[in-house]
Amino acid sequence: MAIENRFLDSIARSFSLELPVLDTMDEYLDLIIPLIRPWSEDLYEEEYFLETRWLEVRDDDNFHELVLHIFREESEYLNSIDGNIHKGKWRTLEKSNTLIIEQTAGNTIVKSELYDLAFLNGNFFILRKHGDQQRKGFKKYFVMGREGYIRDLEWRDVMEAMFNQYRNNRRWIFFVVAFVALVAIFIFFSVF
């Protein structure tokens, strides 16, 4: 009986899907992104990110602005900081999940950045800036969530919501149901 209890406890622990407590958003994303990447869309599937109000998420205690990023048709990029609009352009590199975002002042490019797609779906748009950002003291990821989905959430709650993409995935649920069914069949035939 003790062996069966230990076996069942080990199975229960393996199905535990609790997100550990980590210190930074980059640490959370390093853990979460490999888990949810199979359900990511690609940048050529523009319907997943165009015309969406993407709210920027940071784990900086001094970050209190509402920063929206809107990627529009014909490569128009809008960056709104507490309602103040800055314009720019966006473009993807052909046959890659690489995005270039340019901010402009008039016709002059003020800032141009190269990002690789880390994850994209209807609720999250996560980019990873090319190069070794941590060596320079910068954040590794540029995290955005659909404004209506994450508006009143703190950054740790956003990480939990992102982890739910993995936790609540239909394939995972199918796997758990199939496993439980197999265990039930095994127990049924071992008893009778």
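Numbers here are sequence positions counted from 1. Just the heavy atoms: all of them, side chains too, but no hydrogens, waters or symmetry mates, feed the values below. As the structure is a prediction and not an experimental result, all values here were calculated from the model.
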For atom [atom1] of [X], is the number of surrounding heavy atoms from other residues, nucleotides or ligands below 6.0 Å larger than 12?
{"X": "E47", "atom1": "CD", "answer": "yes"}
{"X": "E45", "atom1": "CD", "answer": "yes"}
{"X": "N84", "atom1": "CG", "answer": "yes"}

If I compare all heavy atoms of [X] with all of [Y], which pair ends up nearest, and what's the gap?
{"X": "R151", "Y": "L66", "answer": "NH2-CD1, 3.2 Å"}
{"X": "L55", "Y": "I150", "answer": "O-CD1, 3.8 Å"}
{"X": "L29", "Y": "P34", "answer": "O-CD, 3.9 Å"}

Practice item. Compute the centroid of each ring, for H69 and then for F125, and state whether the two points are separated by less than 6.0 Å. Key: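 Judged by ring-centre distance (under 6.0 Å), H69 and F125 do not meet the cut-off.
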Practice item. Tell me yes or no: between the side chains of D42 and Y48, is some donor less than 3.5 Å from an acceptor? Key: no
Check your understanding: Would you call the rings of F71 and W90 parallel, tilted or perpendicular if under 30° counts as parallel and over 60° as perpendicular?
Key -> perpendicular
Review point. Is there a donor-acceptor pair under 3.5 Å between the side chain of T104 and the backbone N or O of K87?
Key: yes
Review point. With distance as the sole test, does E76 use its side chain to make a donor-acceptor pair with the main-chain N or O of R72 at under 3.5 Å?
Key: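 Such a contact is absent between E76 side chain and R72 backbone.
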Practice item. Please report the C-alpha distance between E102 and K111 in whole Å, then the side-chain angles of each, then the deciding distance to 0.1 Å, and finally whether the salt bridge (Lys or Arg N to Asp or Glu O under 4.0 Å) criterion is met. Key: CA-CA 6 Å; E102 297 174 342; K111 185 168 139 181; over 6 Å; no
Exercise for review: Go through the structure and list residues passing ring-ring contact (aromatic ring centres under 6.0 Å, His included) with F163, not counting sequence neighbours.
Suggested key: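 ring-ring contact (aromatic ring centres under 6.0 Å, His included) check on F163 returns Y166.
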